[in-house]
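Inspection log for the structure reproduced underneath, given as structure tokens.
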Protein chains: 2
Amino acid sequence: MAEVGSRPPTAQQFVLGEVRRAITSGELRPGTAIRQEALAGRLEVSRVPLREALKTLEGEGLVTYRAHRGYRVVELSMADLREVYRLREILEAEAVRAAVPLLDEAVLGRLEAAQAEVERAAGEGAVAVMAGANRRFHFALFEAAAMPRLVRIIGTLWDSTDAYRSLYYAGDQNRRHVVAEHRAALAALRAGDAEGAVRWFDRHRAAAVETLAGQIEA
Amino acid sequence: MAEVGSRPPTAQQFVLGEVRRAITSGELRPGTAIRQEALAGRLEVSRVPLREALKTLEGEGLVTYRAHRGYRVVELSMADLREVYRLREILEAEAVRAAVPLLDEAVLGRLEAAQAEVERAAGEGAVAVMAGANRRFHFALFEAAAMPRLVRIIGTLWDSTDAYRSLYYAGDQNRRHVVAEHRAALAALRAGDAEGAVRWFDRHRAAAVETLAGQIEA
DNA sequence: TGCTACCGTTTTGGATCCAGTTCCCGAGCA
DNA sequence: TGCTCGGGAACTGGATCCAAAACGGTAGCA
């Protein structure tokens with residue numbers, strides 16, 4: 001009998017989710033060395049599934065690994081952050097352009113549902129909820145492009161900067177920007193205007209990266 | 001005392017290299033289920049390092065994983081192959097544009113050395129040698145862009161189609177194309193002409209993907 | 001004082017063993 | 001004949017234990 005929140009079917013998947021969350025939420029700080037025994041103990045599993053989960057996270061770029069020295073939570077420099085956003089700019093533009101001709105009511109419905117949730121969470125200042133809804137909004141669109149590798153790569157880029165993005169949502173000025181930009185992009189999508197949507201998303205990201213740049217230097 | 005070819009410092013790294021080679025060389029066929037016990041035995045290690053290596057390969061997109069069902073060598077459909085080449089087109093163009101202003105004699109020297117090796121191998125029909133030299137040529141350029149994530153992503157895209165690319169090099173008409181396109185791109189790079197180089201590389205990839213498309217349907 | 005070599009401790013890497021799930025095949029039945 | 005339901009074999013998932021490498025502190029020495 002599975003509990004309500006039903007844990008994943010394997011310990012490594014459970015651990016993967018927990019550790020990813022801990023890193024992207026900032027609970028495990030950048031630069032921290034990961035003590036396998038301690039972390040495995042805290043999650044009540046042995047080191048084996050933890051190590052496999054860490055290998056996955058290494059592939060996603062959330063941790064680095066050196067033989068016989070173990071894993072460490074990555075530290076992003078300003079240059080790293082800019083690289084991630086530049087790659088997102090390029091790849092998400094491709095996803096949007098590929099998706100627009102394939103959009104149907106089902107996808108648009110999902111986008112609008114996600115957007116409604118974003119707006120509600122933004123109003124309440126529920127940062128974590130908003131981050132989740134925001135991700136659903138963007139990925140509902142990306143997935144419509146029918147390019148699975150592209151979606152996966154974009155996903156890993158998002159993951160690698162999750163901790164910083166939550167910071168951005170903390171400002172309520174910023175949250176209002178997000179809502180407005182989403183609305184504008186959604187209108188362009190409804191009109192079949194891929195280039196218009198791409199421009200709005202570019203502005204969306206640029207605002208975030210510039211704000212973060214300021215905060216990180218401090 | 002390390003042997004000449006000196007194995008990696010850990011079993012998982014050794015296994016990773018061996019399995020990756022087996023997959024990209026076609027020795028492990030697409031669609032094959034991976035029997036951990038048998039494969040680990042053949043490589044004379046236990047299943048533990050093999051499983052960690054497989055997790056890495058999953059991250060690279062060379063194998064797929066399903067809980068309790070194990071790993072399987074990925075099968076690329078025609079649509080998959082086109083997606084990979086489209087992503088390479090976008091990402092490699094970015095890498096070239098970023099690299100050109102940063103090129104110096106050291107990089108150009110490496111490019112020319114790699115190109116000389118490509119030409120020698122092409123003449124002799126040494127497919128495997130040519131594949132290696134070709135990769136060094138392209139990645140020497142990509143790495144000059146100083147965008148480590150970008151280089152890594154492009155690397156995984158290359159890996160995922162290695163088996164097919166060797167097929168392309170088997171034709172000596174194709175090998176001549178490669179040599180000519182490299183020369184043209186190199187001349188453009190020397191002249192600081194990023195857009196010219198990008199165009200040549202685009203032609204380079206387009207020729208490969210069209211040829212492969214023909215062969216795969218057969 | 002500063003450097004180096006050594007040794008005990010900590011931590012990671014790997015092998016083995018056991019548990020749980022899936023797969024495969026055949027018996028029973030409609 | 002075709003379908004469903006065991007039941008055992010095969011395979012994956014995970015825990016424990018041991019080996020090997022890295023770390024940290026101290027003693028010895030220049």
Side-chain angles (χ1 to χ4, degrees), chain A residues 1-3 5-23 28-75, chain B residues 1-3 5-23 28-75:
Chain A
M1 185 180 64
E3 333 147 29
S6 98
R7 273 168 63 138
T10 64
Q12 56 181 279
Q13 288 177 20
F14 165 70
V15 168
L16 175 61
E18 286 299 302
V19 179
R20 189 192 280 127
R21 191 197 49 70
I23 293 176
L28 275 173
R29 296 264 180 73
T32 311
I34 290 175
R35 302 275 163 241
Q36 298 178 6
E37 192 82 47
L39 184 51
R42 208 152 60 74
L43 296 171
E44 302 186 286
V45 296
S46 78
R47 283 171 49 218
V48 175
L50 171 61
R51 275 160 60 179
E52 300 200 10
L54 287 170
K55 269 282 171 291
T56 300
L57 292 172
E58 188 197 359
E60 295 178 1
L62 285 182
V63 302
T64 59
Y65 169 75
R66 286 173 62 194
H68 299 293
R69 288 186 195 168
Y71 296 86
R72 186 171 287 271
V73 181
V74 292
E75 246 166 326
Chain B
M1 182 183 63
E3 332 147 30
S6 100
R7 274 166 65 136
T10 64
Q12 56 181 280
Q13 289 177 21
F14 164 71
V15 168
L16 175 60
E18 286 300 302
V19 178
R20 188 191 281 126
R21 191 197 49 70
I23 294 175
L28 275 174
R29 296 264 179 75
T32 310
I34 290 175
R35 304 275 161 236
Q36 298 178 8
E37 192 82 48
L39 185 52
R42 208 150 61 75
L43 297 171
E44 302 187 288
V45 296
S46 79
R47 282 172 49 220
V48 175
L50 171 59
R51 276 160 61 179
E52 300 200 10
L54 288 170
K55 268 281 171 292
T56 300
L57 292 172
E58 188 197 0
E60 295 178 0
L62 285 182
V63 301
T64 59
Y65 169 77
R66 288 172 63 193
H68 298 293
R69 288 185 197 169
Y71 296 86
R72 188 171 286 272
V73 181
V74 292
E75 244 165 328

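What you see is a predicted model, and the numbers here were worked out from it, not measured in a lab.
- Within the nucleic acid shown, Glu52(A) has no heavy atom closer than 4.0 Å to any nucleic acid atom.
- Distances shorter than 4.0 Å separate some side-chain N or O of Gln12(A) from OP1 or OP2 on dG14(D).
- When the P atom of dA15(C) is taken as reference, atom CZ of Phe14(B) falls 12 Å away, rounded to whole Å.
- With values rounded to the nearest 0.5 angstrom, Arg72(B) atom CZ is found 8.5 Å from Arg66(B) atom CZ.
- Heavy-atom contacts from other residues, nucleotides or ligands closer than 6.0 Å to CZ of Arg29(B) number 12 or fewer.
- When rounded to the nearest whole Å, the span between CZ of Arg66(A) and P of dG13(C) equals 12 Å.
- The distance from atom OH of Tyr71(A) to atom P of dG13(C) is 6 Å, rounded to the nearest whole Å.
- Among the protein residues, Arg47(B) comes within range of the nucleic acid bases, having at least one heavy atom under 4.0 Å from a base atom.
- We find that CG of Leu50(A) is positioned 11 Å from P of dA15(D), with the value rounded to whole Å.
- At a threshold of 4.0 angstrom between heavy atoms, the contacts of Ile34(B) are confined to the sugar-phosphate backbone, with no base atom among them.
- Atom CZ of Arg35(B) is separated from atom CZ of Arg42(B) by 13.5 Å, given to the nearest 0.5 angstrom.
- On a pure distance criterion of 3.5 Å, no polar donor-acceptor pair joins the side chain of Arg51(A) and the base of dG14(D).
- In this structure, His68(A) and Pro49(A) both approach DNA chain D, and ranking their closest nucleotides by distance from the 5' end singles out Pro49(A).
- To the nearest angstrom, P of dG13(D) lies 10 Å from CD of Glu58(B).
- One finds a side-chain N or O of Arg69(B) lying less than 4.0 angstrom from the OP1 or OP2 phosphate oxygen of dC23(C).
- Between Gln13(A) atom CD and dT21(C) atom P there is a gap of 14 Å when expressed in whole angstrom units.
- Across all strands shown, Arg35(B) has heavy atoms under 4.0 Å from sugar-phosphate atoms exclusively, and none from any base.
- Distances shown here put a side-chain N or O of Gln36(A) below 4.0 Å from the OP1 or OP2 atom of dG13(C).
- Looking at heavy-atom distances under 4.0 Å, Tyr65(A) makes contact with sugar-phosphate atoms alone, never a base.
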Evaluate the criterion salt bridge (Lys or Arg N to Asp or Glu O under 4.0 Å) for residue pair Glu18(B) and Arg21(B); output intermediate values, then yes/no. CA-CA 5 Å; Glu18(B) 286 300 302; Arg21(B) 191 197 49 70; 3.6 Å; yes

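- Per the geometry, CD belonging to Glu37(A) stands 14 Å off C1' belonging to dT9(C), to the nearest Å.
- Arg72(B) has its CZ atom 11 Å from the P atom of dT12(D), to the nearest Å.
- Of the inter-residue distances, the one linking Tyr71(A) atom OH with Leu28(A) atom CG reads 15.0 Å to the nearest 0.5 angstrom.
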